[in-house]
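A, B, ... follow the sequence lines: proteins, then strands. Residue 1 opens every chain. Atom set for the values below is all heavy atoms of this structure, side chains included, hydrogens, waters and symmetry mates excluded. Only a predicted model underlies this, so the values are computations on that prediction, with no experimental measurement involved.
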Amino acid sequence: MNVRMGVDIGGLTLKNPVMTASGTFGYGEEYAGYLDLNRLGAIVVKGLSLNPREGNPPPRIIETASGMLNAVGLQNVGVKEFIDKKLPYLRTIEPAVVANIFGESVEDYVKVAQILSDAKGVDALEVNISCPNVRRGGIAFGSDPTLAGEVTKAVKGVSRLPVIVKLTPNVTDITEIARSVEAAGADALSLINTLTGMSIDIEKRVPHLEHVTGGLSGPAIKPVALRMVWETVNAVSIPVIGVGGIMNASDAIEFLIAGARAVQVGTANFINPSVAVDIIDGIERYLLDNNIDDIHDLIGTLRI
Amino acid sequence: MKPGTFATVFSQRETVKGHFLMTVKAPASFREAIPGQFIMVRLEGSTPPFLSRPFSIYSIYSQGNDTFVEIFYKVVGKGTLAFSRLQEGDALNILGPLGRGFDIPPSCKKIVLIAGGIGVAPLSFLAQHCGEDTRGTEIICYLGAGSLETVAGLDRLEKICSAVEISTDDGSRGYHGPVTGLFKRDMGLYPEDTTWIYSCGPRPMLRGLQKLLKDQPCVCQVSLEERMACGIGACLGCVVSLRPDGAEGSLVRVCKEGPVFDIRDVEFGE
């Protein structure tokens, strides 16, 4: 009756393959009243920078066909307040804690990685080299194989924790970036981040977002994410975490079949705050129904 | 634990042009709602709209073992249009009650409500709440609308309030001009230390009210509306800029720190 759901992501051990994606789950405690957090494989916290960031002025979000655009602009409390005020709560719950980090220079990334690597209760780092929302930010790192490798190597050099690098889909060939990041020492990859998009108010002839462009997420991007995960799994040998438009267990299972070792649930958390637990239950039920007793016997079993 | 929950439409009708009153049968936990709080509502199934929509609570009441939540809304886009087509028995998913509601004064002589259009919804709930607990409190409502066809929520307010003053933009009913102009006319009637003012409406109206009250010491709380994806403080989509007296400006979440704020703290922009 029991199925084995545990996975290992480049040294990060998870009791099940379902994580909550950065920027969609706050610092975990926001969701405490809505689901049993202890069921989750991991919580990836809101992206952290060296100093607090206020983010972009509103309006920051707009609904689109089967998705949404956001230009929150990486608002966050900063790494110090995270450790003092947010981490103590996360230490009291079971899921692995993955600290998502970003910076505007390699030095920024290194400093944040160093601080978090020494913090008790952080289990892995996820390096955002891809967020398209900040004009001076991640985009340059994530879309250039050399820069992506450079920042990966620098973070790896100062971190005792597993390092996951989160890739942007806003590139010509994601496998090229993936290979470069793997060669630089990344322990795992997560993909995809949001796709850059925009939306216009035709009455006023202005963009719906104050920042003009934003990141597209939700089921609209799932086919793109799945294709990129599949291509990347075939291009590298480190574990890949599938992210992008996962709304339910069957979406998550598609990513696992394509070869993702784990998945992250993002925008779906906004629509149904307890969806991550429904997805865990749904994967378990699928394994039972298909007489699979270990999730590894499902991962990467796509028949072509 | 209060995860999103299934609910069914008990009734729905168009009260005035483009304004719908929907009654939803909800779990008993919604009885704890206080005026100014809101709920996130989404349609079941894979049809648009994709995101949930926030609605102020218009009223909560119980009948036997059943709890009913009323929402009163104006059709402004895809989401509200889809909701307006729902009929008795249709399924919804609701989450709440959410956010920080109005502060209710322990004792005050006069409560003044200033509503712009569908902004009447949370104020009517507040009036109902305060009206049930009478300690000689007088509730006066200033109700603004575009024209006489769209004066929303009047019937209920007339039953609860000691006076309802109406303004319309086109002068087709009551005072001709913005509701803030109507309130300005009567402002002298309200003693500063025993009057609490509550308001909800379009941003330009709230900005006007803020200017009017600039040198008045009386309490004025406003309920703000903003686009939001989650309603529980995670998406950071609904921020508003606050600048309390002397303090540095900061962005706060309408869903979590609000939707009710002191009118003096809010930066309404130009």
Which heavy atom in Leu236(B) sits nearest to a heavy atom in Lys46(A), and how many Å separate them?
-> CD1-CE, 3.3 Å

Glu63(A) versus Leu51(B), closest heavy-atom pair with distance = OE2-N, 2.6 Å

Should the heavy atoms of other residues, nucleotides or ligands under 6.0 Å from NZ of Lys25(B) be counted, would the total exceed 12?
-> no

Just give me the residue among Ser66(A), Pro59(A), Gly218(A), Gly67(A) that pairs up with chain B most often, heavy atom to heavy atom, under 4.5 Å.
-> Gly67(A)

Work out which heavy atom in Phe50(B) is nearest to a heavy atom in Ile271(A); give both atom names and the distance.
-> CZ-CD1, 3.2 Å

Examine whether an atom of Ser274(A) lies under 4.5 Å from a heavy atom of chain B, and if so say whether it belongs to the side chain, the backbone or both; otherwise answer neither.
-> side chain

Salt bridge (charged side-chain N to carboxylate O under 4.0 Å, His left out) filter on Asp169(B), not counting sequence neighbours, yields none

Does any heavy atom of chain A fall under 4.5 Å from the side chain of Ser241(B), the backbone, both, or neither of them?
-> neither

Can you find a heavy atom in the side chain of Arg60(A) that is under 4.5 Å from one in the side chain of Leu251(B)?
-> yes

Evaluate the side-chain proximity of Leu95(B) to Pro273(A): yes if any heavy-atom separation is below 4.5 Å, no if none is.
-> yes

Give the minimum heavy-atom separation between Ala234(B) and Gly26(A), together with the two atoms involved.
-> CB-N, 4.2 Å

Given Ala229(B), Cys238(B), Ser250(B), Gly231(B), the one with more heavy-atom pairs under 4.5 angstrom with chain A than any other is Ala229(B)

Is it true that atom CD of Glu254(A) has more than 12 heavy atoms of other residues, nucleotides or ligands lying nearer than 6.0 Å?
-> yes

Residues two or more places apart in sequence or in another chain: which of them pass salt bridge (charged side-chain N to carboxylate O under 4.0 Å, His left out) with Arg91(A)?
-> none

At their closest point, which heavy atom of Asn272(A) faces which heavy atom of Arg42(B), and how far apart are they?
-> CB-NH2, 3.6 Å

Interatomic distance, CZ@Arg253(B) vs CD@Glu30(A), rounded to 0.5 Å, equals 6.0 Å

Just wondering, do Cys235(B) and Asn70(A) contact through their side chains at under 4.5 Å, heavy atoms?
-> no

Does a side-chain heavy-atom distance below 4.5 Å link Gln75(A) with Val239(B)?
-> yes

Enclosure of Phe6(B) CZ (heavy-atom neighbours >12, cutoff 6.0 Å) = no

